[in-house]
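Take a look at the structure set out below.
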Amino acid sequence: MPGLAASASAAPAPFSLATSRLTPVARPAPSFRTQACGLRCWIAAKLKLRKALKRHHGWQLQRNLDARGNDNVPDCLEAASLTEKRSHWNMHLAYDSGGEMANTSSDTLDSSTVQEKPVVPGHIISEISSHVQKEESAVSKRRSNNEPSLCIAVIGATGELARTKVFPALFALYYSGFLPRNVGIFGYSRKKLTDEGLRSIIEANLTCRVDHHENCDDKLIEFLKKTYYVDAGHDNQEGMVRLNSRMSQIEGIGAANRIFYLAVPQEALLDVALPLADGAQTKQGWNRIIIEKPFGFTGLSSLRVTQSMLSRFEEKQIYRIDHLLGKDLIENLTVLRFSNLVFEPLWSRTYIRNVQVIFSEETSNEIQGRYFGNYGIIRDIVHSHILQTIALFAMEPPVSLDGEDIRDEKVKVLRSIRKVNLDDVVLGQLKDMSGKVDRYTKSMIPTYFAAAMYIDNARWDGVPFFIRTGMGLMTNRAEIRIQFRHVPGNIYRERFGHDIDLDTNELVLRDQPEEAILLKVNNKVPGLGLQLDASELNLLYRDRYNTEVPDSYEHLLLDVLDGDSHLFMRSDELAAAWNVLTPIIHEIDQNRVVPELYEAGDRGPINAYHLAAKHGVRWDDDW
């Protein structure tokens, strides 16, 4: 038995799980001997993992392992094939999320790779930067404790979005313990900066929430120590190679996961994403790419971008983020409906008369750039936030809470939305107040949109979904208002006088101006006689929950870290949303529809009220 003798002579020395890792690679089928060895390795790995769960509870390791799927464990066959190259075993426990980890060849695991040490930049001289070398050394030690590293790169790090939203959200997650202690935060842009320069820029926007004041300064210093800068230069191909090299220094030799937040304009998306795919992805774990809205200017341009992205990335790697979907209002839609028996039977055309989706902002500071330029409110707000809200509200019960199961149901709703008639649309534009005379801007791009949409399926046939969204209005408001049908043969109808709408039950899910769930019911006024009153059963979050609500970016970034994709648009959802809006956009352009002017701080175009009356619905007067 020469094969058995050879195998016995090549038997590896005992190994230690605490000091090494092995990344699984493709290999031939193992023999019974190697299978038995693999079983022993598997048992040892699981025992070590349980100890690690207790040791690293601060990062909530168990929570993330559950989200990312079963941990990969090595078998002894791979180790046996590497004994000629090593004096000890080098075991890597890679945490994979549904196959997002790139395959790693065994030739990459040579002794030079194992012995490679992080290189510490020599130009850092500040107090914070003086600790970087110690931090990187500690990171390398933690690699040996089977804890995967995490690197988060913010592309476009010096832009307003990154400075005011992304970095503060990352710091809040770090303070709360949702990011691992060995995390590395990287800024990438074309400005000439050092690590210390980036830290100075973002430090001004890093603050602790009211419930995060304990050890705030210490946490801030720790976070800034883990923040690094990479100059993109004039060539993103070379810039991404530099980014990859810098990340590798921090990661060491163990399992490594990476998140890339592309905080760049749509026109620059592919210029950054394609070089990133070629030069900055890790081969020791998963890679996830976050893309900011708007997602294209037309359905055709969106399709081209999608095809280019899918040529380099897998669908499960791409997270199309809309911060408005990170609100508790959106997350509570499915909770309220599917966890409360009282609501689920009512969630259909049988009991619901209409649904109103309302979103307004009083600020108009950015309208000149965002709306009077090219995109407008239809492409920026309606395409993603409004249609996603409708899809989550109207979808059938998913098989599970898995992101793919929820997205499967959402896309069915989007595909069922009836073609929108131009007569059921109202456009508005905020008056240009730069001169003494009210006038339109040079662009006719709307800043206000109202429409009546219908979903042609068995559950929602004939129920109008009213959309009303605008900028520069009288108040910040975000809510979903559900109006139920009248009670058939209501014996108390005469007690409400001439306004039959007073006896309509309503359920209001509100995020702004203050979070609340309101249920409007009919009630007898205390006292003699029979007088009815429409009252509200209120659940005000500020009274019920003594906690500060996290920013929506925190919520969504944590979802990306956990691999939870249900609040992010999949490619087929993206295409279905464009199929809803593209015909009406073309009609508006072809007919040269002129938006109705409205003043800043107003309620919006008066024709929106006429549209509601046309469909037998009265808008809420508080708007």
Side-chain angles (χ1 to χ4, degrees), residues 293-294 322-325 327 329-330 354-390 420 422-434 438-453 464-481 508-514 552 577 580-581 584-585 587-589 593-615 617-623:
K293 68 181 179 77
D322 181 350
H323 71 280
L324 297 175
L325 295 175
K327 303 287 187 180
L329 165 67
I330 303 300
N354 67 77
V355 179
Q356 302 173 30
V357 180
I358 301 170
F359 178 79
S360 68
E361 290 187 359
E362 58 183 345
T363 178
S364 58
N365 295 335
E366 299 179 1
I367 283 184
Q368 293 290 339
R370 291 174 60 193
Y371 294 98
F372 292 162
N374 292 313
Y375 286 96
I377 199 165
I378 299 177
R379 295 176 175 91
D380 188 43
I381 302 294
V382 179
H383 176 266
S384 177
H385 173 58
I386 299 296
L387 291 184
Q388 283 289 295
T389 301
I390 291 176
V420 181
L422 189 58
D423 293 340
D424 289 333
V425 171
V426 173
L427 302 179
Q429 188 183 90
L430 188 65
K431 290 180 180 179
D432 180 6
M433 306 303 292
S434 59
D438 295 339
R439 59 184 176 86
Y440 289 99
T441 60
K442 296 179 181 178
S443 172
M444 299 298 287
I445 298 296
T447 60
Y448 180 100
F449 180 85
M453 294 184 176
F465 284 74
F466 284 92
I467 297 171
R468 185 167 50 163
T469 180
M471 311 299 294
L473 297 171
M474 65 183 299
T475 183
N476 291 328
R477 191 169 182 190
E479 70 178 32
I480 301 169
R481 184 174 290 264
V508 181
L509 311 178
R510 178 175 296 163
D511 182 74
Q512 288 181 319
E514 59 180 357
S552 58
V580 172
L581 294 178
I584 192 65
I585 291 175
E587 255 191 289
I588 291 172
D589 293 341
V593 177
V594 178
E596 180 182 342
L597 288 176
Y598 64 93
E599 295 183 355
D602 201 356
R603 297 176 182 269
I606 192 65
N607 282 330
Y609 292 88
H610 298 160
L611 174 65
K614 172 184 172 181
H615 292 269
V617 176
R618 182 180 66 185
W619 289 126
D620 178 37
D621 291 335
D622 293 338
W623 157 264

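Keep in mind that what you see is a predicted model, and the values were worked out from it rather than measured. Heavy-atom basis, side chains included; hydrogens, waters and symmetry copies ignored.
- Within the 4.5 Å cutoff, no side-chain heavy atoms of Gln429 are placed close to those of Pro446.
- Rounding to the nearest 0.5 angstrom, the gap separating the CG atom in Asp322 from the CD atom in Gln388 is 8.0 Å.
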Checking Val425 against Glu587 for the side-chain contact (heavy atoms from CB on, under 4.5 Å) test, could you report, in this order, the C-alpha distance in whole Å, the side-chain angles of both residues, the deciding distance, and whether it holds? CA-CA 11 Å; Val425 171; Glu587 255 191 289; over 6 Å; no
Checking Arg477 against Asp511 for the salt bridge (charged side-chain N to carboxylate O under 4.0 Å, His left out) test, could you report, in this order, the C-alpha distance in whole Å, the side-chain angles of both residues, the deciding distance, and whether it holds? CA-CA 7 Å; Arg477 191 169 182 190; Asp511 182 74; over 6 Å; no
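- Residues Ala608 and Tyr448 approach most closely at CB-OH, 3.3 Å, considering heavy atoms.
- Taking CZ from Arg468 and CZ from Arg603, the interatomic distance works out to 9.0 Å, rounded to the nearest 0.5 Å.
- Proximity of Lys293 to Ile381: side-chain heavy atoms (C-beta onward) are separated by under 4.5 Å at one or more points.
- Inter-residue side-chain proximity for Leu427 and Asn607 is flagged as unmet; no heavy-atom pair is nearer than 4.5 Å.
- Asn476 CG to Glu514 CD: the interatomic distance, rounded to the nearest 0.5 Å, is 13.0 Å.
- Taken from CD1 in Ile588 to CE in Met444, the straight-line distance is 11.0 Å, to the nearest 0.5 Å.
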Step by step, would you call Val426 with Phe449 a side-chain contact (heavy atoms from CB on, under 4.5 Å)? CA-CA 6 Å; Val426 173; Phe449 180 85; over 6 Å; no
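- Across Pro605 and Tyr598, no two heavy atoms sit closer than the pair CD-CD2, 4.0 Å.
- Leu581 and His383 get closest at one heavy-atom pair: CD1-CA, 3.5 Å.
- In this structure the side chain of Phe359 never reaches within 4.5 angstrom of the side chain of Glu479, judged on heavy atoms.
- Without hydrogens or angle criteria, Glu596 side chain to Ile606 main chain gives a donor-acceptor distance under 3.5 Å.
- For the atom pair Thr389 OG1 and Ile330 CD1, the distance stands at 3.5 Å (nearest 0.5 Å).
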Can Leu387 and Met453 be said to form a side-chain contact (heavy atoms from CB on, under 4.5 Å), step by step? CA-CA 10 Å; Leu387 291 184; Met453 294 184 176; 4.0 Å; yes
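- Residues His615 and Phe466 share a closest heavy-atom pair of CB-CZ, 3.2 Å.
- Ile480 has its side chain out of reach of Val508: every pair of non-hydrogen atoms, C-beta onward, lies at least 4.5 Å apart.
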Start with the C-alpha distance between Thr469 and Ile358, add both sets of side-chain angles, then the distance that settles side-chain contact (heavy atoms from CB on, under 4.5 Å), and finish with yes or no. CA-CA 6 Å; Thr469 180; Ile358 301 170; over 6 Å; no
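- Leu597 places none of its side-chain heavy atoms less than 4.5 Å from the side chain of Leu430.
- Note: Ile584 CD1 to Leu422 CG = 4.5 Å, rounded to the nearest 0.5 Å.
- Considering only heavy atoms from C-beta on, Leu473 stays 4.5 Å or farther from Asp602 through its side chain.
- Across all their heavy atoms, Leu611 and Asp423 have their closest contact at CD1-O, 4.1 Å.
- Side chains of Val355 and Arg481 form no contact here, defined as non-hydrogen atoms less than 4.5 Å apart.
- Residue Ser552 comes nearest to Lys327 through the heavy atom pair CB-N, 4.1 Å, listed as atom of the first residue, atom of the second, then distance.
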